[in-house]
Number of protein chains: 2
Amino acid sequence: MVPRTLRTDIDRPTVILDVAARLVQRRGFNALSYADIAAEVGITKASLHYHFAGKADLGQALIVRYTQRFGAALQQIDDQYPDAYSRLQAYARIYELVLREGRFCLCGMLAAEYETLSQPMRDAVVAFFNLNHAWLTGVLEGGRIDGTLEYPPPGADVAQMVMSGLEGALLVARPFGDVGRFVASTHGLIEGLRKRTT
Amino acid sequence: MVPRTLRTDIDRPTVILDVAARLVQRRGFNALSYADIAAEVGITKASLHYHFAGKADLGQALIVRYTQRFGAALQQIDDQYPDAYSRLQAYARIYELVLREGRFCLCGMLAAEYETLSQPMRDAVVAFFNLNHAWLTGVLEGGRIDGTLEYPPPGADVAQMVMSGLEGALLVARPFGDVGRFVASTHGLIEGLRKRTT
DNA sequence: GTCTATAGGCAGATAGAC
DNA sequence: GTCTATCTGCCTATAGAC
């Protein structure tokens, strides 16, 4: 069934996830309450429970959607940039945009709170990092082939270094409210991998 | 007044801070409750309030002590290791030991929860990072002088990169319960700064 | 789908006896 | 310093009407 008019509003679950994602990325999952979300969405707590039975279910949906979108962004980078170095730059830009919204990475936040999460949420967080790590490893190995990157250790280790470096750069820059601090950390990280065309 | 016998127990506030620090570094400040601490220390919640009037006061004391101890460890590194490269290695080892205890950096955890903290706690967290950044900047500039390090950008930027890189390596390695992942991230980070004696 | 009303629990915090 | 007892408030969650 197609709606008769172009809808500018979005469906409830999407709006709920939008609001919840923003709150978690700014304040953490343990500081998130159904009351806060309900107030911002403009419904009651009881209605929230209709869409997401429990807080852990909501949390899981949050991570799954975040990971899907992240995967799509990585796919877009692959399509848009031909060389590995440009892909790394674009990857770092994703993180920078998150910071500019005043947010932390959803899964970075949940990694900090990991021990308090339900098992499904834990598994989803790990899956997010696995996706990032696998993609980065591919890009890094591609960089050896296309000649835009140069690094001594295994690609998988460097992938871990890049991913951790970006998460950490977000984490530390946020209390300072300073994007410059993020750029300072990450620029050297990626330039250090660029092939020197001496 | 000197106690008549050698005391093997420690004073209450210290034990409270020990227990609270472990809980915060594993589960986060927002997941910390007076009930949990009291149960583990073996006193009541009311007694806890005698030593630390409010949760924010306890939190502040936690950060101050952590920062003091960290500063002492940095001083010890300066005394023990003559060259900049060895100092960086020793610095990374501090973080690795934290991970081996199953913990996250106290201030890394609080950086994630930053928006929910009281102003005094926020200021204390920032002070911790400032201490680390200043010390690292000094070490890095020393490495140019003693010839053990080599890096293109300003020392302050590299300091930010190293600090963020270690915090991020802790953050991401913990959900995997894998110290190897931490080492993979940080080894390349520090070796990349070492002067090539070609 | 959304509401009102409410249950049941745990949070941080305080009063006052010992 | 430590206790018992209690307060107030917020939390997640549910029942049931509309």
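A note on names: the letters A, B, ... follow the listed sequences, proteins ahead of strands, and every chain is numbered from 1.
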For this session: Report the C-alpha separation of Leu58(A) and Ile37(A) in whole Å, then their side-chain angles, then the decisive distance to 0.1 Å, and conclude whether the side chain to side chain contact (heavy atoms under 4.5 Å, CB included) test is met.
Result: CA-CA 11 Å; Leu58(A) 172 59; Ile37(A) 304 170; 3.6 Å; yes

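Under the ring pair (Phe, Tyr, Trp, His ring centres under 6.0 Å) criterion, the residue pairs touching residues 20-47 of chain B are Tyr34(B)-His49(B), with sequence neighbours excluded. Residue pairs meeting the ring pair (Phe, Tyr, Trp, His ring centres under 6.0 Å) criterion with at least one partner in residues 129-188 of chain B, sequence neighbours excluded, are Tyr91(B)-Trp135(B).
With sequence neighbours excluded, the residues forming a side chain to side chain donor-acceptor pair (under 3.5 Å) with Glu40(A) are Arg22(A), listed by chain and number. Listed by chain and number, the residues in a side chain to side chain contact (heavy atoms under 4.5 Å, CB included) with Leu189(B) are Met161(A), Leu189(A), Met161(B) (sequence neighbours excluded).
Under a hydrophobic-cluster definition in which Ile, Leu, Val, Met, Phe, Trp and Tyr are linked whenever side-chain heavy atoms come within less than 4.5 Å, directly or via other members, Ile94(B) and Leu62(B) are assigned to the same cluster.
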Seminar exercise, completed: A correct 5'-to-3' footprint of nucleotides 7-13 of chain D, with B, S and - meaning base, sugar-phosphate only and no protein heavy atom under 4.0 Å, is ----SBB

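When all heavy atoms of Arg144(B) and Gly155(B) are compared, the pair lying nearest together is NH1-N, 4.4 Å.
Scanning DNA chain C 5' to 3' for nucleotides with an atom closer than 4.0 angstrom to a non-hydrogen atom of chain B gives a first and last hit of dA11(C) to dA15(C).
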